[in-house]
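Since this is a predicted model, take the numbers as computed values, not measurements. Atom set for the values below is all heavy atoms of this structure, side chains included, hydrogens, waters and symmetry mates excluded. Chain letters run A, B, ... following the sequence lines, proteins first, then strands; residues in each count from 1.
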Amino acid sequence: MIATPENFSEGLVITLVGYSIVFSALVTLFFVFNSLSKVLNTKIRNRLRKEGKHEIADLPNIDVTGEETAAVAMALYLMTDVHDEESGVITIKRDSKTYSPWSSKIYGLRRFSR
Amino acid sequence: MKRFKLVLGIIAFLTILTTGLSYAGGFDKANKDQQQTEVVNDDLESVREGAKQGVQKFFSYTGFANASWGNMIMMIVGLVFIYLAIKYDYEPLLLIPIGTGIIIGNVPFFQDGGMNLQIGIYQEGSVLNYLYYGVVKGIYPPLIFLGIGAMTDFSSLISNPRLMLLGAAAQVGIFITFLGSLFLGFNLPEAASIGIIGGADGPTAIFLSSKLANGGLVNGVQTANLIGPIAIAAYSYMALVPVIQPPIMRLLTSKKERTIRMTPPRSVSKLEKIMFPIVGLLLTTFIAPSALPLLGMLFFGNILKESGVTRRLADTARTSLIDIVVILLGLTVGASTQADVFLTSESMMIFGLGAISFMIATAGGILFAKFMNLFLKGDKKINPLVGAAGVSAVPDSARVVQQEGLKYDPTNHLLMHAMAPNVSGVIGSAVAAGILISFLF
């Protein structure tokens with residue numbers, strides 16, 4: 001049950017070459033997306049400079065974190081959705097109903113006094 | 001109604017009358033001719049004999065007559081799968097179909113002398129055999145990848161691309177187990193199929209074994225049919241991620257390392273999200289074209305999701321389509337564990353190698369994260385627990401990392417970070433499968 005040497009040496013070659021290809025594939029992806037974000041950032045910085053927002057464009061990090069996005073979304077939600085057109089006057093309205101025999105106490109089963 | 005009753009009554013009366021008359025006639029005849037009576041007696045005897053044989057034959061066709069210990073053991077395994085899924089919630093979407101499939105596949109039936117009653121999964125022409133085609137021909141795995149692509153958000157990976165390397169590092173499990181399998185006497189294609197269990201990706205494991213260990217000739221080498229054991233091992237270990245990974249994570253990391261906080265991922269623009277599947281597809285499939293069925297479908301699914309204009313298609317791919325395929329895949333993979341084919345020493349070795357493969361993959365990811373930390377400074381350091389998610393069991397492995405992280409710092413959420421190596425592990429294991437196919441097919 002022990003592997004023949006030729007079989008094993010072929011396996012070793014496949015292992016070394018195969019693993020390095022897997023690694024290089026993902027390393028290439030890493031480089032592409034690492035540089036892509038840099039290219040996109042440069043474009044955004046240039047646009048900001050054109051718009052005259054130099055103080056933002058020159059910040060070392062102009063990325064927006066997910067937490068910041070969540071905070072902005074929450075703020076917008078609170079500002080626009082919850083307290084939009086309210087009068088600000090809190091009153092207690094008197095509850096009045098028109099008479100109906102369906103809810104009348106005098107037709108109830110327990111109207112007899114003890 | 002009255003008429004109906006009347007008609008029924010007449011039919012019943014006529015039936016009784018004719019039966020009675022024929023019996024009476026027979027009785028009269030018997031009285032007249034004794035010789036004929038003997039003939040009738042002989043007939044009765046032969047009927048009795050026939051009935052006895054019929055019952056015996058019926059019994060020989062039942063599960064009770066054909067049951068073997070193997071069937072019983074496998075049925076218990078199936079019940080354990082169902083129990084684990086219900087009681088401990090271990091991957092119920094996989095373990096329930098597989099567990100039930102194991103029971104279905106191990107109901108004993110008559111197959112003496114290679115008789116084909118078109119019942120079992122390995123009998124040509126049976127319904128289960130047709131459904132199993134999707135596994136044998138590698139049809140189901142790409143469809144599952146389509147669904148995975150349509151439900152995966154790659155933004156954590158795009159925001160921190162260096163975590164992609166952890167997904168690559170964890171693939172070491174595949175190749176080390178490949179070598180280990182060669183040592184245990186498996187031939188090259190079989191060893192490659194066993195090694196892929198370390199990729200922790202069920203569909204990829206099935207895809208590779210359907211190509212390299214399908215019982216046919218592969219590149220001039222006769223292979224055994226190992227699809228069943230490999231698929232069962234891969235899915236079992238995927239379900240057991242919460243049991244297998246934490247001890248290795250604790251063993252290889254210090255308490256201080258486990259509490260490292262990573263900077264929150266940045267927001268990713270829509271352009272980047274759309275570009276990722278397109279660039280990913282082109283890059284990875286140019287490097288490993290054999291992985292095209294898997295990676296092509298994965299990135300296609302992701303384009304459906306991220307394009308924003310094919311919502312209906314993306315919804316179908318990630319819900320109904322993937323559910324249908326999981327049902328068929330789970331059931332047939334379970335049923336493929338028919339005891340006479342499945343219970344072999346090779347299967348046991350595959351289970352052992354699979355577990356080792358999984359552990360090496362986990363360790364590979366963690367150790368590589370520690371290695372990367374040697375070069376990273378300050379808030380760029382990586383929590384090595386995240387490396388364990390380099391195995392591609394999505395999203396279980398990332399969930400385990402999150403839970404382990406919370407144990408040592410209840411405010412340190414690692415889930416988003418762990419998703420990055422987790423999805424890159426899917427890409428990595430598919431590329432590895434492609435490379436192994438191109439080397440050995």
Say you draw a straight line from CZ of B:F178 to CG of A:L12; how long is it, rounded to the nearest 0.5 Å? 9.5 Å
Interface moiety of B:M275 toward chain A, non-hydrogen atoms closer than 4.5 Å: both
Considering only heavy atoms, which portion of B:A169 lies under 4.5 Å from any heavy atom of chain A: side chain, backbone, both, or neither? both
Is it the side chain or the backbone of A:I21 that comes within 4.5 Å of chain B heavy atoms, both, or neither? both
Closest non-hydrogen atoms of B:I158 and A:F33, given as atom of the first, atom of the second and distance, are CG2-CD2, 4.2 Å
At a 4.5 Å cut-off on heavy atoms, which part of A:V32 comes close to chain B: side chain, backbone, both, or neither? side chain
To check you understand the geometry: which heavy-atom pair defines the closest contact between A:L26 and B:S424, and what is its length? CD1-O, 4.0 Å
Which heavy atom of B:F439 sits nearest a heavy atom of A:I14, and at what distance? CD1-CG2, 3.9 Å
Where on B:F368 is there a heavy atom nearer than 4.5 Å to chain A: the side chain, the backbone, both, or neither? side chain
Chain A shares the most heavy-atom pairs under 4.5 Å, among B:L271, B:L179, B:V279, with B:L179
Under 4.5 Å from any heavy atom of chain A, what part of B:F286 do you find: side chain, backbone, both or neither? neither
Report which part of A:L16 has an atom under 4.5 Å of a heavy atom belonging to chain B: side chain, backbone, both, or neither. neither
Heavy-atom distances under 4.5 Å only: say whether B:V268 touches chain A with side chain, backbone, both or neither. neither
What part of B:S267 is in contact with chain A, defined as an atom under 4.5 angstrom from a non-hydrogen atom: side chain, backbone, both or neither? both
Smallest separation among heavy atoms of A:T15 and B:F175, with atom names: CG2-CB, 3.4 Å
CG (A:L29) and CD1 (B:I287) are apart, to the nearest 0.5 Å, by 7.5 Å
So what's closer than 4.5 Å to chain A heavy atoms on B:L165: side chain, backbone, both or neither? both
Residue pair A:V22 / B:G428: nearest heavy atoms and the distance that separates them: CG1-O, 3.9 Å
Side chain, backbone, both or neither: which part of B:P265 has an atom under 4.5 Å from a heavy atom of chain A? backbone
Side chain / backbone / both / neither for B:I174 at chain A, heavy atoms under 4.5 Å: neither
How about B:L163 and A:F30: do any of their side-chain heavy atoms sit closer than 4.5 Å? no
Nearest heavy-atom contact between B:L182 and A:G11 is CD1-CA, 3.7 Å
Under 4.5 Å from any heavy atom of chain A, what part of B:L440 do you find: side chain, backbone, both or neither? side chain
Part of B:T263 within contact of chain A (heavy atom distance under 4.5 Å): neither
